[in-house]
Structures are given as C-alpha cells and as structure tokens.
Amino acid sequence: MGVASSPMPDVFDADETLTLEYADLITLSDRDVDDAFFERLRARFDDDTIVELTETIAWENASSKFNRALRIPAQGLWKNT
C-alpha cells in the first residue's frame with residue numbers, strides 16, 4: 001500500500017507525503033524514481049537532505065531483508081493499534 005492509497009491521507013504533511021512516496025519508489029523493485037519525481041524532491045529538499053533520506057530508506061530496506069533472511073524477529077517497537 002502506497003501513500004496515495006492510504007486510508008488516512010490527511011495524516012502526513014506535504015514533506016512527509018513526498019518522503020513516503022520516495023520510499024515507495026525506491027523500495028519496490030518494479031518501480032523507479034523518474035526525472036519528474038526527482039525534480040519534485042529537489043524543489044523541496046537540498047542535496048544533503050536527499051542523500052540522507054536515500055541512505056535512511058536504503059538502510060531500512062537492507063536491515064529488513066537481513067533480519068528476514070536470518071529469522072531475526074521484530075523487536076516489538078511498533079504496535080498496530
């Protein structure tokens with residue numbers, strides 16, 4: 001489920017929504033960040049912020065795959081309410 005199909009579209013501000021859309025694009029293997037979307041990022045965030053966002057998203061993706069492969073369970077830090 002991406003941000004666009006979220007059941008609570010008004011929960012996130014414009015920066016958060018853009019960031020979550022970016023995370024969806026670089027997380028899902030069948031999608032890519034096209035030039036138009038990257039320009040939206042550059043219009044809102046400076047280069048250092050885009051690098052930091054990309055690094056954080058990539059780290060979380062790698063960590064998730066690593067933990068899953070080694071059967072490391074969730075730590076229970078997030079509760080779905």
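- Between F66 and I72, the closest side-chain pair of non-hydrogen atoms falls below 4.5 Å.
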Quick one, D46 with T49, criterion side chain to side chain donor-acceptor pair (under 3.5 Å). Give me CA distance, side-chain angles, the key distance, then yes/no.
CA-CA 5 Å; D46 63 26; T49 302; 2.8 Å; yes

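- Residues I50 and L20 are members of separate hydrophobic clusters, defined by side-chain heavy-atom contacts under 4.5 angstrom among Ile, Leu, Val, Met, Phe, Trp and Tyr.
- Of the possible polar contacts, none joining the R44 side chain to the R42 backbone as a donor-acceptor pair under 3.5 Å is found.
- If you run side chain to side chain contact (heavy atoms under 4.5 Å, CB included) between E21 and each of D24, T19, T17, only T17 comes through.
- At most 12 non-hydrogen atoms from other residues, nucleotides or ligands lie less than 6.0 angstrom from CG of D35.
- To the nearest 0.5 Å, the span separating CG on L25 from CZ on F38 amounts to 12.0 Å.
- Clustering ILVMFWY residues whenever any of their side-chain heavy atoms sit less than 4.5 angstrom apart, transitively, puts L41 in a cluster other than the one holding V51.
- There is a path of hydrophobic side-chain contacts, each under 4.5 Å, that joins F37 to L53.
- When hydrophobic clusters are built by joining Ile, Leu, Val, Met, Phe, Trp and Tyr residues whose side-chain heavy atoms come closer than 4.5 Å, directly or via intermediates, Y22 is not grouped with F12.
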Could you please spell out the steps behind the side-chain contact (heavy atoms from CB on, under 4.5 Å) verdict for D15 and F45?
CA-CA 9 Å; D15 288 350; F45 303 118; 4.1 Å; yes

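- Taking CD of E55 as the start and CD of E60 as the end, the distance is 9.0 Å to the nearest 0.5 Å.
- Taking every heavy atom of both residues into account, I57 and T27 meet most closely at CG2-OG1, 3.9 Å.
- When every heavy atom of E16 is checked against every heavy atom of V11, the shortest pair comes out as OE1-O, 4.3 Å.
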